[in-house]
Structures are given as C-alpha cells and as structure tokens.
There are 2 protein chains.
Amino acid sequence: KNKKIAIYGKGGIGKSTIVSNIAAAYSENHKVIVIGCDPKADTTRTLYGKRLPTVLDVLKDKRQAQIEDVVFEGFNQVMCVESGGPEPGVGCAGRGVIVSMNLLDKLGVFSDDLDVVIYDVLGDVVCGGFAVPLREEFADEVYVVTSGEYMALYAANNISKGIKKLKGNLGGIICNCKGIENEEKTVSEFASAIGSRVVGVIARSQLVQKSEYDAKTVMEKFPDSKQADSYRKLARDIYDNDKFTVPNPMDIDEFEEFFHK
Amino acid sequence: KNKKIAIYGKGGIGKSTIVSNIAAAYSENHKVIVIGCDPKADTTRTLYGKRLPTVLDVLKDKRQAQIEDVVFEGFNQVMCVESGGPEPGVGCAGRGVIVSMNLLDKLGVFSDDLDVVIYDVLGDVVCGGFAVPLREEFADEVYVVTSGEYMALYAANNISKGIKKLKGNLGGIICNCKGIENEEKTVSEFASAIGSRVVGVIARSQLVQKSEYDAKTVMEKFPDSKQADSYRKLARDIYDNDKFTVPNPMDIDEFEEFFHK
Ligand SMILES: Nc1ncnc2c1ncn2[C@@H]1O[C@H](COP(=O)(O)OP(=O)(O)O)[C@@H](O)[C@H]1O
Ligand SMILES: Nc1ncnc2c1ncn2[C@@H]1O[C@H](COP(=O)(O)OP(=O)(O)O)[C@@H](O)[C@H]1O
Ligand code: SF4
Ligand SMILES: [Mg+2]
Ligand SMILES: [Mg+2]
C-alpha cells in the first residue's frame with residue numbers, strides 16, 4: 001500500500017520530532033521519504049545528521065536541479081527533502097512548499113516505488129503553500145499534532161477548518177504530551193468534539209532532547225527505549241488506520257466553551 | 001507626540017495580553033486605539049468585555065461600513081478594532097489585516113487626534129497581510145515579544161529578518177517571562193546579539209488568568225498590583241523610547257550556536 005501522510009500542527013508542538021521518529025520506525029520495513037514543509041527547515045536534521053540544503057537554496061544556485069541535489073539519504077535509508085522558505089518579509093512564507101512540490105513532481109520523485117511519503121507542514125496559518133499538501137492531493141491523509149494546551153488545540157481546530165475546506169481526510173489527532181493536567185482526556189474530548197479520534201499518544205521525554213543534541217532521532221540513539229516503542233506503535237497505528245473523517249471544527253464560541261468548562 | 005507601535009511575536013507568546021494592558025495603561029493619560037491584526041481576533045476581548053465583530057465579518061454583511069461598525073469603545077475609552085482573518089484554507093491568512101488597514105485609512109480613523117496607535121500582529125510568518133503594518137508605514141516602531149524559549153526566540157529572530165527587509169525600526173525586545181532558567185539573561189543576550197535591547201520585562205502571573213477569566217485586563221481588575229505596575233512601566237518605557245535600530249538578525253547557524261552554548 002502507498003501511504004501519503006501530512007502531519008500538521010502549531011509551530012513548536014512537536015511535528016518534526018514525531019515525523020522523523022515515525023519515519024525511522026517505518027524504515028525498519030518500508031521505503032520512506034520525509035518532506036519538510038516548514039520554513040524552519042529542520043524536519044530532517046535528526047535523520048540526516050545535520051541541516052539539509054533546502055530546495056529554495058539549491059534553486060538559487062542551480063537553475064536545473066536534479067534529484068540528487070534535493071533528495072538526500074539519511075538514517076536507515078530514509079529519503080529526506082527540505083522545502084525551505086523565502087526570506088521573511090519577501091513573498092509568501094509557503095513559497096518554498098509550492099516550489100518544492102512542483103520540483104519533486106517534475107523530477108518524478110513521487111512516481112518512485114515509495115511505500116510511505118510523510119509531509120511535515122507548518123500549521124500556524126493554513127494558506128498559501130502550507131495548504132498545498134492537502135489541496136494538490138500530494139497527501140491522502142492528515143494527522144494533527146496537539147497537546148492539551150489552549151494554543152495547540154486552537155491551532156488544531158483551525159487546521160481542521162482548513163482540512164474541511166480543502167476536502168481533506170483527517171486520520172486522527174496525535175497527542176504529544178506537554179505534561180499538563182488531564183491532558184489525554186482533554187485531547188481525547190477535543191478529538192471527539194470535531195468528529196475524529198486520538199490515533200496516538202507520545203509522552204514527554206528527556207530522550208528527545210538527548211538524541212536531538214546529537215542530531216539523531218530517539219529511534220536511532222535509544223532504539224530499545226519505551227519512547228522508541230511509542231513511536232513504533234504510532235507508526236503502526238497510522239499505517240493500519242482506515243478511519244478517516246471530514247472534521248467538524250468548532251466555531252469560536254464552541255471552542256471557548258469546550259476549553260473553559 | 002503621536003506613537004504608532006506594532007507588537008509582533010510568536011503565536012501564544014503573550015502579545016494580546018501585553019497590548020491590551022499597555023493600552024489600558026496609556027488610557028490613563030492618552031487617546032489610544034488598539035488594532036488586532038491576528039486572525040485569532042482576541043486582542044480586544046479584555047478591553048471590550050467580549051469578542052468584537054471583526055472587520056471581515058462586518059464587511060460580509062455591510063458593503064459600506066462606517067466607523068461605528070468597526071471601531072468600538074472599551075475600558076477607559078480605549079478604542080478597539082479587530083481585523084479578523086478569512087476561513088482557514090481560503091486565501092491569505094493576512095487578508096483581514098489588509099482589508100482592515102484599508103478601511104480604517106479610508107474612514108479617516110488615522111487622521112484622528114490619536115496619541116497612541118497599537119497594532120497586535122501575528123508573527124509566526126512574516127508575509128502577506130502580516131507585513132502590512134511595517135510595510136505600509138502604519139507603524140513607526142516595532143517591539144517584539146519573546147520568552148527565553150527556543151521557539152519564541154527563533155520567531156523573534158525571524159521577525160527581525162522581516163523588520164530588516166522592510167526597513168522597519170526595532171524599538172526593542174519585550175521579555176514576557178515563562179519562568180524558565182536564566183530567562184532574562186538569555187533574552188537580554190539575544191537582544192544584544194541582534195543589535196537591540198530589552199525594553200521591558202513582564203513576570204509570569206496568575207493575575208493574567210484571573211482577569212482574563214472575567215474578560216478584563218490586569219489593569220482593570222487588579223489596578224494596584226505589582227503586575228499592573230509592570231505594564232505601566234512598560235508603557236512608559238515604550239512611550240519614552242527613542243532608541244531604534246535596524247536589527248542584525250542571526251543566520252540559522254549563529255542562532256543555533258547562540259541558543260546551545
Ligand atoms: N515528546 C517530547 N518530549 C520532549 N520534548 C519534545 C517532545 N516532542 C518535541 N519535543 C521538543 O519540542 C521542541 C519542538 O519540537 P519540534 O518537533 O521541532 O516541533 P515542530 O516541528 O512542531 O515545530 C523540540 O525542541 C523538541 O526537542
Ligand atoms: N505574563 C503572563 N503571565 C501568565 N500568563 C500569561 C502572561 N502573558 C500571557 N499569558 C497567557 O498566555 C496565553 C497567550 O497569551 P496571548 O496574549 O493571548 O498571546 P498571543 O496574543 O501572543 O497569541 C494567554 O492564555 C494568557 O493568559
Ligand atoms: S498566503 Fe499565508 S503564508 Fe502566504 S503570504 Fe499569506 S499569510 Fe503568508
Ligand atoms: Mg518542525
Ligand atoms: Mg493574540
């Protein structure tokens with residue numbers, strides 16, 4: 001089966017950490033590519049060992065980019081691409097995603113025998129290039145990363161409005177715990193409220209910082225840890241997931257009421 | 001003197017809390033208007049007592065909007081406007097800011113005898129409508145809100161790139177403390193590193209939540225508190241500020257090195 005997955009969520013919520021770790025988990029049995037669609041361009045750092053040149057950077061110097069200029073092999077043969085973003089204040093922040101998707105398409109990267117394609121997409125705004133993985137059907141299924149915090153759930157609700165608008169398929173909510181009170185219950189109730197469900201829970205763990213410090217994933221540095229097992233479980237649960245919904249996001253009054261009860 | 005100030009920062013960092021509280025502080029002696037430029041449209045909730053209709057909402061129903069349709073009087077005569085944002089997935093998230101700035105200009109709101117104009121602007125991306133307060137010279141001076149956290153400083157550095165690109169004047173960095181280790185020192189070193197300075201420090205305080213719960217500012221609900229005094233001091237220090245710089249943002253390697261030393 002060919003899985004094309006987009007992972008959205010508020011900036012800093014833990015998308016790149018989750019994407020890089022589940023990619024490493026998939027690499028145990030699958031051909032997988034990770035495509036960073038966040039101007040921060042750091043999704044693949046822990047897979048490749050350092051920051052990749054971005055597609056936008058490469059195209060500044062080379063008019064005709066080839067696959068080897070933009071697709072790099074990382075840990076356990078995970079293929080890695082970083083879209084990059086323009087200089088702040090110059091054009092649409094999502095421009096890197098648009099350019100990168102077009103280039104990868106043109107270079108035939110997607111017609112490859114890839115089992116799993118994972119997009120890591122900025123979710124603070126759902127517009128311009130950041131809507132492309134949904135809009136242009138580069139991704140078939142969307143997962144939204146959140147914690148139990150107001151700001152993260154607000155963003156998740158906002159992203160769900162975008163998914164609904166663009167007729168995307170929401171596969172589920174991933175709870176990346178920040179350690180706040182009643183967190184899993186809050187996130188679970190949020191998921192139900194928008195007609196979805198929690199597809200995985202990742203605990204907060206110092207192993208994330210420790211492995212990140214070495215530019216490695218938890219899967220690479222601590223393969224026998226409980227944390228690594230939780231990324232394997234999440235990868236499996238996403239792979240096996242066959243429940244998708246068009247989300248039913250809350251309007252602002254419903255959301256305020258939901259959070260403050 | 002006529003102060004036109006834009007407050008930028010990462011989503012959730014505390015812009016609206018700071019903007020509404022310093023506006024309340026200014027209202028003690030000045031005519032002040034607050035213009036929300038964040039699609040969350042909640043900058044003025046604690047000044048007005050509830051969520052305002054946004055400019056985008058009003059223009060859906062009324063083709064010819066008048067001043068009284070979009071500008072509302074809140075606490076202590078602070079004037080309040082919310083730009084709003086489009087539905088996620090539909091057009092540029094900054095479109096509300098563009099529409100709202102044009103309307104306020106056309107209605108002559110800025111030719112009023114206002115002493116202080118404060119824009120509260122989303123800073124997760126610096127593009128489209130979110131660059132308008134800088135680009136179109138609606139604001140003369142910019143302040144960036146941050147904490148000592150990586151994500152907040154990363155965003156502050158990014159915003160500084162946008163300010164430099166758009167030839168804005170950076171008045172200083174506001175530290176809205178999250179209570180992390182060595183926070184003020186980290187933020188202060190960051191400010192120096194980009195050629196700016198810390199113009200104010202706001203402590204983390206439960207009074208923020210308590211007053212927010214009643215849809216009030218700390219200034220209104222707890223006027224005699226230390227927290228209220230810190231907003232008064234920040235308002236004064238911004239008002240008296242005459243040191244502006246074009247920031248010298250860090251490139252990604254410098255930033256990583258700065259944060260991880
Ligand atoms: N489960 C976790 N436990 C501890 N720290 C985490 C966890 N997930 C993410 N982090 C930390 O949070 C920060 C932001 O994560 P990141 O994956 O870069 O977010 P995003 O890609 O959404 O911006 C990183 O410094 C990372 O180390
Ligand atoms: N100094 C502070 N102490 C405690 N909580 C704060 C403080 N400043 C902001 N907050 C809280 O942080 C959250 C985000 O603040 P807000 O002003 O809405 O951020 P932004 O406008 O940047 O998105 C709010 O729930 C607010 O109550
Ligand atoms: S569409 Fe979104 S990302 Fe593009 S300019 Fe507008 S706000 Fe920025
Ligand atoms: Mg990321
Ligand atoms: Mg706000």
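Fair warning: this is a prediction, and the values are worked out from it, not measured in the lab. Every chain is numbered from 1, with letters handed out A, B, ... down the list of sequences.
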task: Examine whether an atom of B/Ile159 lies under 4.5 Å from a heavy atom of chain A, and if so say whether it belongs to the side chain, the backbone or both; otherwise answer neither.
output: neither
- prompt: Between B/Pro249 and chain A, which part of the residue has a heavy atom less than 4.5 Å away: side chain, backbone, both or neither?
  reply: neither
- prompt: Under a 4.5 Å heavy-atom cut-off, does chain A meet the side chain of B/Leu122, its backbone, both or neither?
  reply: side chain
- prompt: Residues of residues 126-134 of chain A under 4.5 Å from chain B (heavy atom pairs)?
  reply: A/Val126, A/Cys127, A/Phe130
- request: Would you mind telling me which of B/Gly89, B/Gly12, B/Ala93, B/Gly94 has the largest number of heavy-atom pairs within less than 4.5 Å of chain A?
  value: B/Gly89
task: Using the test ring pair (Phe, Tyr, Trp, His ring centres under 6.0 Å), find all partners of A/Phe75 that sit at least two apart in sequence or belong to another chain.
output: none
For chain A and chain B, what donor-acceptor pairs lie under 3.5 Å, backbone included?
from: A/Lys10; atom 1: NZ; to: B/Gly11; atom 2: O; distance (Å): 3.1
from: A/Gly11; atom 1: O; to: B/Lys10; atom 2: NZ; distance (Å): 3.1
from: A/Gly89; atom 1: N; to: B/Val126; atom 2: O; distance (Å): 2.9
from: A/Gly89; atom 1: O; to: B/Arg135; atom 2: NH2; distance (Å): 3.1
from: A/Val126; atom 1: O; to: B/Gly89; atom 2: N; distance (Å): 2.8
from: A/Arg135; atom 1: NH2; to: B/Gly89; atom 2: O; distance (Å): 3.1

